[in-house]
Amino acid sequence: MSVLEIMDSAAPTHVAHRDNHTHRDVNGGWLRPAVFGAMDGLVSNLALMTGVAGGAVAPGTIVLTGLAGLAAGAFSMAAGEYTSVASQRELVQAELDIERAELRKHPKDELEELAALYASRGVEPELARQVAEQLSRDPEQALEIHAREELGIDPSDLPSPAVAAISSFGSFALGAILPVLPYLLGATALWPAVLLALVGLFACGAVVARVTARSWWFSGLRQLALGGAAAGVTYILGTLFGTAVG
């Protein structure tokens, strides 16, 4: 068989492997934090509202509680995410400054370190040194490689504190508004708010299944059960405390 015939016969296998050899996004991308932010807002505000409703208060009080919980939770999430991501970014920048200074002061030592790293992964020592020399010719490229290999970070893909804060605020508020919505549309009983919230919890759980190996119905039912349990416990506590206070 000629070389061309071998290549032609192998091509369908290669195409099939390329088309089928895909993986889930194990990091979740933007979907995971967005869905979990909405889920957090939904569970916390539903539990807060059912706890207050257990005390047999007026519907207006429940609405005010839900709106206050939405605002407080969303701002808290945004502030926490901003501080967390900003602190992480500052730490990374400080480490990058240290690595940049080391590359400037001790270029040979850093080159040897990179060559030894590749050699430890199975590359022949001579080839490892050649690769390290080529990659070290550009200071910024060398910094990026050292950061990835030693720190496990990508300097060109650092998270934005502002984006993290805004997305956290929006996703939490989106989830937290669901149990309040029936009251804003004229409902005077608790059950429409609970029903809509449970539907939202199931939907969030089902969407989360896109970044896990679980089926959508299992993930949805699990989140529904957890959120429902939280609402049930706070309602019972609200009833007991409301009776005691009253």
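Given the structure is predicted, the values throughout are model-derived calculations rather than measurements.
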Participant: Starting from Leu48 and following side-chain heavy-atom contacts under 4.5 Å between hydrophobic residues (I, L, V, M, F, W, Y), which residues can be reached?
Facilitator: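 In the cluster with Leu48 there is nothing else; it is isolated.
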Participant: Honestly curious: do Leu198 and Trp191 fall in one hydrophobic cluster under the side-chain, below-4.5 Å linking rule?
Facilitator: no
Participant: Same cluster or not: are Leu46 and Met77 linked, directly or through other Ile, Leu, Val, Met, Phe, Trp or Tyr residues, by side-chain heavy atoms under 4.5 angstrom apart?
Facilitator: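 No: no chain of side-chain contacts under 4.5 Å links Leu46 to Met77.
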Participant: Do the side chains of Phe36 and Ile177 join up, straight or via other hydrophobic residues, at under 4.5 Å, putting them in one cluster?
Facilitator: yes
Participant: CG/Leu64 to OH/Tyr183 distance, rounded to the nearest 0.5 angstrom?
Facilitator: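 Going from the CG atom of Leu64 to the OH atom of Tyr183 covers 13.0 Å.
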Participant: Hey, does Val194 have a side-chain heavy atom less than 4.5 Å from the side chain of Tyr235?
Facilitator: no
Participant: Would you please name every residue forming a ring pair (Phe, Tyr, Trp, His ring centres under 6.0 Å) with Phe169, sequence neighbours left out?
Facilitator: Phe75
Participant: Around atom OH of Tyr118, are there more than 12 heavy atoms of other residues, nucleotides or ligands at under 6.0 Å?
Facilitator: yes
Participant: Would the distance check show the side chain of Ser120 and the main-chain N or O of Leu117 forming a donor-acceptor pair, the cut-off being under 3.5 Å?
Facilitator: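 Yes, Ser120 side chain to Leu117 backbone: donor-acceptor pair under 3.5 Å.
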Participant: Return yes if some donor-acceptor pair links the side-chain N/O of Ser167 with the main-chain N/O of Val163 below 3.5 Å, else return no.
Facilitator: yes
Participant: If every non-hydrogen atom of Ser171 is compared with every non-hydrogen atom of Ser168, which pair is closest and at what distance?
Facilitator: OG-O, 3.3 Å
Participant: Do the side chains of Leu221 and Trp217 get nearer than 4.5 Å, heavy atoms only?
Facilitator: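 They are in side-chain contact.
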Participant: Hydrophobic clusters here meaning ILVMFWY residues chained together by side-chain heavy-atom distances under 4.5 Å, can you tell me if Leu70 and Val63 are in one?
Facilitator: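 Yes; Val63 is reachable from Leu70 via cluster members.
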Participant: Do Arg148 and Glu144 meet the salt-bridge criterion of a basic N to acidic O distance under 4.0 Å?
Facilitator: yes
Participant: Please tell me whether Leu67 and Val52 are part of a single hydrophobic cluster in this structure, the criterion being side-chain heavy atoms less than 4.5 Å apart.
Facilitator: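 Yes, same cluster.
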Participant: Out of curiosity, Leu158 CG to Gln88 CD, how far, rounded to the nearest 0.5 Å?
Facilitator: 8.5 Å
Participant: Find out whether Leu178 and Val199 are in side-chain contact, i.e. whether some heavy atom of one side chain is under 4.5 Å from a heavy atom of the other.
Facilitator: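 They are not in side-chain contact.
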Participant: Rounded to the nearest 0.5 Å, what's the gap from CG on Leu91 to CD on Glu95? Could you check?
Facilitator: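 Taking CG in Leu91 and CD in Glu95, the distance rounds to 5.5 Å.
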Participant: Pick one: which of Thr50, Asn45, Ile62 meets side-chain contact (heavy atoms from CB on, under 4.5 Å) with Pro179?
Facilitator: Asn45
Participant: Distance check, rounded to the nearest 0.5 Å: Glu113 atom CD versus Glu149 atom CD?
Facilitator: 10.5 Å
Participant: Would you indicate whether the side-chain heavy atoms of Ser44 and Phe172 approach each other to under 4.5 Å?
Facilitator: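 In short, these two side chains touch, coming nearer than 4.5 Å.
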Participant: Output the distance between atom CG (Asp154) and atom CD1 (Ile145), rounded to the nearest 0.5 Å.
Facilitator: 11.0 Å
Participant: Identify the heavy atoms of Pro182 and Ala193 that sit nearest to each other, and give their distance.
Facilitator: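 Reported closest heavy-atom pair: CG-CA, 3.6 Å.
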Participant: Do you know the tightest heavy-atom contact between Leu201 and Gly228?
Facilitator: CD1-N, 4.4 Å
Participant: Check whether any side-chain heavy atom of Gln223 sits under 4.5 Å from a side-chain heavy atom of Val208, and report yes or no.
Facilitator: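 Gln223 vs Val208: side chains apart.
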Participant: Does a side-chain heavy-atom distance below 4.5 Å link Ile153 with Leu96?
Facilitator: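 Yes, their side chains come closer than 4.5 Å.
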Participant: Which atom names give the shortest non-hydrogen contact between Ala47 and Ala230, and what distance separates them?
Facilitator: CB-O, 4.2 Å
Participant: When rounded to the nearest 0.5 angstrom, what distance separates CG in Leu135 from CD in Gln141?
Facilitator: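 CD of Gln141 is found 5.5 Å from CG of Leu135.
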Participant: Looking at every heavy atom in both Ala142 and Ser136, which two are closest together, and how far apart are they?
Facilitator: CB-CA, 3.9 Å
Participant: Is the closest basic N to carboxylate O distance between Glu133 and Arg129 below 4.0 Å?
Facilitator: yes
Participant: Report yes if some heavy atom in the side chain of Leu226 is under 4.5 Å from a heavy atom in the side chain of Val43; otherwise report no.
Facilitator: no
Participant: So Pro107 and Glu110, do their side chains get closer than 4.5 Å, heavy atoms only?
Facilitator: no
Participant: To check you understand the geometry: which heavy-atom pair defines the closest contact between Arg89 and Pro159, and what is its length?
Facilitator: NH1-O, 2.8 Å
